[in-house]
Amino acid sequence: MPRIRQLPPELVNQIAAGEVVERPASVVKELIENSLDAGATRIEIDVEDGGSRLIRVRDDGSGIAADDLPLALAQHATSKIATLEDLERVRTLGFRGEALASIASISRFALTSRRADADAAWSIGIEAGRITPLRPAQHPPGTTVEVRDIFHNVPARRKFLRAERTEFGHIDELVKAIALAQPQVEFRLSHNAKPVRLLRPAGNAAALTARLGEILGAEFSAQSLHIDHTAAGLHLSGWVGLPITSRAQADQQYFYVNGRLVRDRVVTHAVRQAYADVLFHGRHPAYALFLDVPAETVDVNVHPAKSEVRFRESRLIHDFLYRTLNEALAQTRAGGEAAAPAASVAAVTTSGWRGQVGLGLGVREPLAAYAALLGGGSGVAANATFATNSTSGNTDALAANESDVPPLGYALAQLAGIYILAENAQGLVLVDMHAAHERVTYEKLKTAQACDGIRAQLLLVPLMLAVSEREAACAEEYGERLAELGFDIVRSGPQSLTVKRYPGLLEGADVGGLVRDVLGDLLAHGNSRRIEETRNEVLSTMACHGSVRAHRRLTLPEMNALLREMEATERSDQCNHGRPTWVQISVAELDRMFMRGR
């Protein structure tokens, strides 16, 4: 082996660039974060050839003093931290001081800046690996960084760049992600001298909603829940998409810690668990969430690109996220403001429409007269037979005050033995009766099970499990928690466990596999919901078999009883498998379908 020697600064910077600069979007990220740390309110990003030829970022921030410009290009030189205490309480997006030096080492680089109190701007650059002398320049207060010909001196890295369209797509996605967390800042993005995106500052709720819709889409903006919750010194805000906005890929998941966009397994696991009861398997929720925690409780210096963090109390973070999101999703009830849009009708926001509709209803019993769903009933004889009333000719008797109409209205008929047709103040309501009753039954079973607690079932022959020493130690450490979940597990050796009892409701389940899964969750997150999830799968199956089936005829009182149950049941917007239980079609939409008024 050769003797140990000190690496030259140029090679050190290129090695650091390999960690920091993965593609042009990485350069844009570092430069935008510097602009935000400088207090910029307007940031312009100009890109050519997907960023491979040119990346120019201009801001109106505080600027850099002329004497500090050479230091800005030095390795690990920064104005953002000075002591170890500063590093433990980082509040800025950038802090390591290697970004500009690393970027300059693999590109043709120029930096121009002017402070507001300076008479002129100054410029500095790097050419052929050497820093050019300072020279005066014309520039308004703020900073401009130009990065040309990225990886021009590292051809091996340049070969890994994708097509121009792909690389610009990453830049566009990055700008949108940062703009979500910085609503007070204006962002302008252009590609090959053509404006692509203009995100104006959002100074009020309406402007913020508009920016959200522009970045995540109008459907997400209309079909999402706003979160704003504080507990245990933590604050969570943002938006979570309703299950009907779930996606095939996890491409609309934005999570920020103290304003920093991050990817974290603890966070992802907590969010997935919160959605477990309302999503199809394989579907991914959409969300934009902002977690504010004390700076000293999170370590942001664990990844060169600062895309990961480490929480001091990850279990507290996990439980806080899960409980907050689970409770928010539990409040979604059929008839709420965010209605599932009808698939066959053009997407129109109907939640704010309030028309005066005369309800020609066949049944108007008082709400107190509705009992639980009955076991039988002849119901409607034809596929779409509308009930009549002896007073149907008296429109005054049938007209109802809008405030007296329940959210899901009153049943009119049953269609094809599958759907309930109802009329409310907005227009027509369609309900999938099996999906709706399945959710109602499922929530009742969960409530009953929670009240009774988890009952343990004694195994006639104790189950011996071979596990790792780490898993065996975990079973000892979390013995009380496992007992709460219905297990009686004893460590019988360095790498063996004996299971004496297990949750009785899970009879027939793979006890050994379930124990290993629970221990895996406890090791990774300090908590486990495997028992609850497996129990819920059993209850879901019971609810499915115990719900009204398709083509069963219901009477109007039975249909109305189901509608009232839906309005009072948590998560009744979706069935147990994530499908919508109802849709709303407003009178205005019906008028457009039939071209009324044209």
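Index from 1, following the sequence. Heavy atoms only: backbone and side chains are in, while hydrogens, waters and symmetry mates are out. Bear in mind the structure is a predicted one, so any value in this text is a computation, not a measurement.
To the nearest 0.5 angstrom, Leu415 atom CG is 8.0 Å from Tyr419 atom OH. The CD atom of Gln253 lies 3.5 Å from the OH atom of Tyr287; values are rounded to the nearest 0.5 Å. Distance check: Leu316 CG to Leu234 CG gives 5.0 Å after rounding to the nearest 0.5 Å. Separating the CD1 atom in Ile215 from the CG atom in Leu180 is a distance of 4.0 Å, to the nearest 0.5 Å. Once rounded to the nearest 0.5 Å, the distance linking CD of Glu443 with CZ of Arg571 reads 5.0 Å. Within the model, atoms CG of Leu562 and CE of Met433 stand 9.0 Å from one another, a figure rounded to the nearest 0.5 Å.
Using modelled atom types, one finds a donor on one side chain and an acceptor on the other under 3.5 Å when comparing Asn34 with Lys80. With hydrogens and angles left out, the side-chain atoms of Asp228 and His235 include a donor and acceptor closer than 3.5 Å. Residues Trp582 and Asp573 bring a donor and an acceptor atom of their side chains to less than 3.5 Å of each other. Side-chain polar atoms of Thr441 and Glu438 form no donor-acceptor pair below 3.5 angstrom. Checked by atom type, the side-chain pair Ser190/Asp46 shows a donor-acceptor distance below 3.5 Å. Looking at Asn192 and Arg53, their side chains never bring a donor and an acceptor atom within 3.5 Å of each other.
Checked by atom type and distance alone, the side chain of Arg260 never pairs as donor or acceptor with a backbone atom of Ser307 at under 3.5 Å. No side-chain donor-acceptor contact under 3.5 Å links Thr569 to the backbone of Ser572. The main-chain N or O of Ala270 is never found under 3.5 Å from a side-chain atom of Tyr275 such that the two would form a donor-acceptor pair. Between the side chain of Arg312 and the backbone N or O of Thr297 there is no donor-acceptor pair closer than 3.5 Å. Under a 3.5 Å cut-off, the side chain of Glu186 and the backbone N or O of Arg200 do not form any donor-acceptor pair. Side-chain atoms of Asn424 come within 3.5 Å of backbone N or O of Pro407 as a donor-acceptor pair.
Between Arg263 and Glu308 there is no salt bridge, since no side-chain nitrogen of the basic residue lies less than 4.0 Å from a carboxylate oxygen of the acidic one. Remark: Arg197 engages Asp172 in a salt bridge, criterion side-chain N to carboxylate O under 4.0 Å. The pair Arg58-Glu146 does not meet the salt-bridge criterion, since no charged nitrogen lies less than 4.0 angstrom from a carboxylate oxygen. With salt bridges taken as basic N to acidic carboxylate O contacts below 4.0 Å, none links Glu567 and Arg333. Between Glu44 and Arg42 a salt bridge is recorded (basic side-chain N to carboxylate O distance below 4.0 Å). Using a cutoff of 4.0 Å between basic side-chain nitrogens and carboxylate oxygens, Arg211 and Glu214 are not scored as salt-bridged. Between Glu327 and Arg323, no side-chain nitrogen of the basic residue sits less than 4.0 Å from a carboxylate oxygen of the acidic one, so the salt-bridge criterion is not met.
When the shell of 6.0 Å around CZ of Arg89 is examined, it contains more than 12 heavy atoms from other residues, nucleotides or ligands. In the displayed structure, Arg272 atom CZ is contacted under 6.0 Å by more than 12 heavy atoms of other residues, nucleotides or ligands.
Aromatic rings from Phe320 and His229 are positioned such that their centres are separated by under 6.0 Å. Ring to ring, His269 and His318 are close: their centroids are under 6.0 angstrom apart.
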Exercise for review: Take Arg158 and Asn153 through the side-chain hydrogen bond (donor to acceptor under 3.5 Å, both in side chains) test and state the conclusion after the steps.
Suggested key: CA-CA 9 Å; Arg158 192 175 182 85; Asn153 55 348; over 6 Å; no
**Study point:** Working for side-chain contact (heavy atoms from CB on, under 4.5 Å), residues Ser35 and Val57
**Key:** CA-CA 9 Å; Ser35 297; Val57 176; 3.9 Å; yes
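Between Trp239 and Phe290, the ring planes lie perpendicular to each other; the angle is over 60°, past the 30° to 60° tilted range.
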